[in-house]
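Okay, so here's the structure we're looking at.
These numbers come from a predicted model, not from an experiment. Atoms within a ligand are numbered from 1 in the order they appear, just like the ligands themselves.
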Amino acid sequence: MLIAKGELVNIRELRWGDLKYIQKWSNDPEVAYWARGEKNATDTPIEEFRRWYRSRSSSTIKRFIIETKDRKPIGSISYRDYDPINKVVVLGIHIGEKEYWGKGFGTDAIKAFVRYLFATLDINRIELDTFDDNIRAIKAYQKCGFKIEGVLREAKLIDGKFHDVIIMGMTRKDFEKIANKN
Ligand SMILES: CC(C)(COP(=O)(O)OP(=O)(O)OC[C@H]1O[C@@H](n2cnc3c(N)ncnc32)[C@H](O)[C@@H]1OP(=O)(O)O)[C@@H](O)C(=O)NCCC(=O)NCCS
């Protein structure tokens, strides 16, 4: 089922058949580096993703598939750690098919997903973090209306080098301002 539509992509619910893509993207060292700041290649077996999928209703992470308009799965987008007291969720995204990087697909997916989250969840704020080298992600988030709220200096050690962690967020007020402009 589609949950959100952008101009370049649609976002739909995750299916059992998508686990092979999630495995491929998660185990890709370049994707893992940008998405999680992990320098070493992982080799997570499909069975681990299957176990997660079977128990996903109790998981704190809700994951969706980003697909092109001709239905090619190119990545995944998620929210996690819903805090009903403070009305906050944490957003995560990776475009796993690398030939789609830098062509507007990520920005389009984030915009559509943010609309979906504010429309369907009782939230006031979406937050995320990335690290200083991930300029492409920072720019994409800013284009969607996220603001840099703080920097945790040298909080992430990647491959022997300390990186600043960039904290970004968008409030419902920020979102409404953008929505009213369009
Ligand atoms: C981060 C991500 C979602 C962004 O989506 P995208 O489709 O690649 O990005 P977009 O094309 O929508 O926008 C990227 C912006 O960064 C710029 N950009 C693209 N490649 C860049 C690069 N290598 N270095 C710096 N800036 C770059 C683009 O010019 C664009 O800005 P502009 O419109 O002002 O010119 C996607 O690249 C991705 O999934 N990367 C791997 C995992 C990851 O980093 N996840 C986020 C973790 S917080």
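Under the 30°/60° scheme for interplanar angles, the aromatic rings of Phe131 and Trp34 are found to lie parallel.
Protein heavy atoms all stay at least 4.0 Å away from atom 2 (C) of ligand 1. For atom 45 (N) of ligand 1, the nearest protein heavy atom lies closer than 4.0 Å. In this structure, atom 35 (O) of ligand 1 has its sub-4.0 angstrom surroundings free of protein heavy atoms.
At the shortest separation from atom 48 (S) of ligand 1 among protein heavy atoms lies Tyr141 OH, 3.3 Å. With respect to atom 17 (C) of ligand 1, the closest heavy atom belonging to the protein is Lys139 CD, 3.8 Å. Looking only at heavy atoms of the protein, atom 47 (C) of ligand 1 is closest to Trp34 O, 3.7 Å. Scanning the protein for heavy atoms near atom 5 (O) of ligand 1, the closest one is Gly106 CA, 3.2 Å. For atom 8 (O) of ligand 1, the closest heavy atom belonging to the protein is Gly102 N, 2.7 Å. The protein atom (non-hydrogen) at minimum distance from atom 4 (C) of ligand 1 is Ala140 CB, 3.9 Å. Protein heavy atom in closest approach to atom 18 (N) of ligand 1: Arg136 CG, 3.9 Å.
Side-chain contact between Arg115 and Phe175 is present, with heavy atoms from C-beta onward closer than 4.5 Å. By the 4.5 Å heavy-atom criterion applied to side chains, Trp52 and Ile61 are counted as neighbours. No side-chain heavy atom of Phe118 sits less than 4.5 Å from a side-chain heavy atom of Arg125.
The contact set between ligand 1 and Asn134, taken as ligand atoms under 4.0 Å from a residue heavy atom, comprises 43 (C), 44 (O), 47 (C). Applying the 4.0 Å criterion to heavy atoms of Thr130 picks out, from ligand 1, the atoms 48 (S). Near Asp129, with a cut-off below 4.0 Å to any heavy atom, the atoms of ligand 1 are 48 (S). Those atoms of ligand 1 with a heavy atom of Ile93 less than 4.0 angstrom away are 3 (C), 45 (N), 46 (C). For ligand 1, the atoms sitting less than 4.0 Å from at least one non-hydrogen atom of Ile95 are 36 (C), 38 (C), 39 (O), numbered in the order shown with element in parentheses. Close approach of ligand 1 to His94 (heavy-atom distance below 4.0 Å) involves ligand atoms 39 (O), 42 (C). In the vicinity of Ala137, heavy-atom distances shorter than 4.0 Å reach the ligand 1 atoms 1 (C). Ligand 1 places these atoms under 4.0 Å from at least one heavy atom of Thr107: 10 (P), 12 (O), 13 (O).
Considering backbone and side-chain N/O of Gly104, one or more are found under 3.5 Å from N/O of ligand 1. At a 3.5 angstrom cut-off on N or O pairs, Ile135 does not count as close to ligand 1. When only interatomic distances are considered, the shortest N/O to N/O separation between Lys143 and ligand 1 falls below 3.5 Å. Checking only distances, Ile110 never comes within under 3.5 Å of ligand 1, N or O to N or O.
Arg80 and Thr60 share no side-chain donor-acceptor pair at under 3.5 Å.
Seen from the ring of Phe162, Lys156 does not count as a face-on cation partner, given the 6.0 Å and 45° thresholds.
For the residue pair Lys69 and Gly6, the shortest heavy atom distance occurs at NZ-O, 2.8 Å.
Within 6.0 Å of NZ on Lys147 lie no more than 12 heavy atoms contributed by other residues, nucleotides or ligands. Heavy-atom contacts from other residues, nucleotides or ligands closer than 6.0 Å to NZ of Lys62 number more than 12. Atom NZ of Lys98 sits in a crowded spot, with more than 12 heavy atoms from other residues, nucleotides or ligands closer than 6.0 Å. Annotation for Arg71: atom CZ does not count as buried by contact number, only 12 or fewer foreign heavy atoms lying within 6.0 Å. Residue-environment remark: CD (Glu149) exceeds the threshold of 12 foreign heavy atoms within 6.0 Å.
When the heavy atoms of Trp101, Phe105, Phe131 are ranked by distance to atom 40 (N) of ligand 1, first place goes to Trp101.
A search for salt bridge (charged side-chain N to carboxylate O under 4.0 Å, His left out) contacts involving Arg50 returns Glu47, not counting sequence neighbours.
Between Phe146 and the options Ile167, Ile138, Asp174, Val114, a side-chain contact (heavy atoms from CB on, under 4.5 Å) holds for only Val114.
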